[in-house]
Amino acid sequence: MRAIVVAEPGGIEKLVVTDVPLPKVRPGWVRIRVKAFGVNESEVTTRKGLSSPDVTLPRVPGIECVGVVDEAPADSGLRPGQQVATMMGGMGRSFDGAYAQYTLVPVDQVIPFDSDLPWETLGALPEMCQTAYGSLSTGLDLRPGQTLLIRGGTSTVGLTAAAMAKDLGATVLSTTRRLERKETLRAFGVDHPIVDDGEIARAVREIFPDGVDAALELVGSCDLHDTLRSVRVHGTVCFTGALSDTWTIQDFSPLGYIPNGVRLTAYGGAASDLPADVFAHQLRAISEGRLKVSVAKVYQGLESVREAQTDLEAGVTPGKHVVVLG
């Protein structure tokens, strides 16, 4: 089969289309014929050699994909030709991932589904749906009627979380650093777009004087203190992402950093955090137009991955960059 292999760290030229052996199915693993996959920041990090020690080279990158079952163990409950999604769990990091015609993944991180949506739409969904849903449910326990602040709102997870929260019945505030992207936020259901100049707590409290019920932090620890100050007493902040690449807080002391009575949680889940029935609900909502999908651009074939990663790094267009295979 053909796959993209990163043999050593470096620039975009290190994404090399190569002929590699078809992975053999073994107990507890499923082989998927890849139909489409999203291109993610973590894959750029892998290519540059900046990932954590669990990432080894040479490696086929790609932390997510959608496709059809090619071969599965008899006791897996999966059948050849069945539509499936998969993501995370070491995929594209400690074992070969989605930048390939076929990928082999553990059966417990495979989500079966049935949808008439096009592959370019489906390919945008696994990682961002799982992360957004897990953050809102496990991280924040968000309820209908509550108020939600999303810090880093024009990211793929931010836009997806906004759409999901509106579908749930929440009131959504969301931030962008670019004035011209306020309308993008509104298009995804955001009630109160806020231009982020580094401090937004005052702007949030001008809208909701007591603070919001919940906040999703996607920018990183550099903005976390200000996000915490935007939340009401007994409200919750969930730290999920670090678009700024700032994950830690130097000399952290909870007293003085976390406001009295505000709760701080985190989310960094896996495929098992997106149950098949929840994913099915999301697919129906997309089909019915209730849930908007953020796709920046669609690319064709493995040869286009270099272009996709280049466009992702440029950050010109918000949304998911999706590669479709024939």
Side-chain angles (χ1 to χ4, degrees), residues 35-40 64-68 82-87 111-137 140 142-150 152-176 178 180-194 214 216 218 240 271 273-300 308 311-312 316-324:
K35 289 291 189 178
F37 56 83
V39 176
N40 299 280
E64 62 171 329
C65 75
V66 291
V68 296
Q82 186 174 18
Q83 290 179 306
V84 290
T86 186
M87 74 215 76
I111 304 171
F113 66 89
D114 184 14
S115 176
D116 293 327
L117 290 168
W119 288 114
E120 56 261 34
T121 299
L122 294 166
L125 302 179
E127 182 272 342
M128 66 184 190
C129 280
Q130 175 261 314
T131 304
Y133 174 77
S135 298
L136 297 182
S137 59
L140 292 171
L142 189 69
R143 302 294 179 176
Q146 289 190 318
T147 51
L148 169 70
L149 168 67
I150 302 172
T154 56
S155 65
T156 57
V157 172
L159 293 172
T160 304
M164 286 184 181
K166 287 301 297 180
D167 188 51
L168 178 68
T171 298
V172 180
L173 302 80
S174 191
T175 71
T176 176
R178 300 185 186 183
E180 67 273 16
R181 290 190 175 175
K182 289 180 71 174
E183 291 309 310
T184 299
L185 294 176
R186 291 190 190 279
F188 279 79
V190 172
D191 300 285
H192 303 283
I194 297 173
L216 174 56
L218 299 172
T240 292
D273 292 333
L274 182 60
D277 62 334
V278 171
F279 192 47
H281 171 80
Q282 293 169 353
L283 293 176
R284 286 194 300 272
I286 294 167
S287 296
E288 295 167 3
R290 292 186 290 106
L291 194 63
K292 191 175 177 65
V293 180
S294 171
V295 176
K297 186 175 178 180
V298 177
Y299 307 79
Q300 300 294 328
D311 291 347
L312 176 65
V316 175
T317 306
K320 199 81 170 189
H321 298 263
V322 181
V323 176
V324 177

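Here, residue 1 is the first one in the sequence, and each next residue gets the next number.
Minimum interatomic distance between Leu159 and Ser294 (heavy atoms only, all atoms of both residues): CD1-OG, 3.2 Å. Closest of all the heavy-atom pairs between Pro126 and Cys65 is CG-O, 3.9 Å. Here the closest heavy-atom approach between residue Leu216 and residue Leu148 is recorded as N-CD1, 4.2 Å. For the pair Ala85 and Val66, the tightest heavy-atom approach, listed with the atom from each and the gap, is CB-CG1, 3.9 Å. Taking every heavy atom of both residues into account, Ile150 and Ala162 meet most closely at CD1-N, 3.5 Å. Listed here is the closest heavy atom pair of Ala308 and Val323: CB-CG2, 4.3 Å.
For the atom pair CG (Leu218) and OG (Ser135), the distance works out to 7.0 Å, reported to the nearest 0.5 Å. Taking CD of Glu180 as the reference point, atom OG1 of Thr154 lies at 9.5 Å (rounded to 0.5 Å). In this structure, Leu149 CG and Ser174 OG are separated by 7.5 Å, a value rounded to the nearest 0.5 Å. The OG1 atom of Thr160 lies 11.5 Å from the NZ atom of Lys292; values are rounded to the nearest 0.5 Å. Residue Tyr133 holds its OH atom at 8.0 Å from CD of Gln282, rounded to the nearest 0.5 Å. For the atom pair Phe113 CZ and Asp277 CG, the distance stands at 15.0 Å (nearest 0.5 Å).
The closest side-chain heavy-atom distance from Thr156 to Thr131 is not below 4.5 Å. Within the 4.5 Å cutoff, the side chain of Leu168 has no heavy atoms near those of the Leu136 side chain. Between Leu117 and Val293, every side-chain heavy-atom pair lies at or beyond the 4.5 Å cut-off. Between Gln83 and Pro112, the closest side-chain pair of non-hydrogen atoms is not below 4.5 Å. Within the 4.5 Å cutoff, side-chain heavy atoms of Cys129 are placed close to those of Met164. Gln146 places none of its side-chain heavy atoms less than 4.5 Å from the side chain of Thr171. Using a 4.5 Å heavy-atom threshold, the side chains of Asp311 and Lys297 count as touching. Taking the side chain as every heavy atom from C-beta outward, Val84 and Ile111 never approach each other to under 4.5 Å.
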Residue pair Trp119, Thr121: steps toward the side chain to side chain contact (heavy atoms under 4.5 Å, CB included) verdict: CA-CA 5 Å; Trp119 288 114; Thr121 299; over 6 Å; no
Stepwise side chain to side chain contact (heavy atoms under 4.5 Å, CB included) check, Val172 with Leu185: CA-CA 10 Å; Val172 180; Leu185 294 176; over 6 Å; no
His281 and Ile286: CA distance, side-chain angles, deciding distance, side chain to side chain contact (heavy atoms under 4.5 Å, CB included) verdict: CA-CA 9 Å; His281 171 80; Ile286 294 167; over 6 Å; no
Trace of the side chain to side chain contact (heavy atoms under 4.5 Å, CB included) decision for Ile194 with Leu173: CA-CA 7 Å; Ile194 297 173; Leu173 302 80; 4.0 Å; yes
Test side-chain hydrogen bond (donor to acceptor under 3.5 Å, both in side chains) applied to Glu64 and Asn40, step by step: CA-CA 9 Å; Glu64 62 171 329; Asn40 299 280; 3.0 Å; yes
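Checked for salt-bridge contact, Asp191 and Arg186 miss the test: no charged N lies under 4.0 Å from a carboxylate O. A salt bridge is absent between Lys35 and Glu120; no separation between the charged side-chain nitrogens and carboxylate oxygens falls under 4.0 Å.
For CG of Asp116, the number of neighbouring non-hydrogen atoms (other residues, nucleotides, ligands) closer than 6.0 Å is 12 at most.
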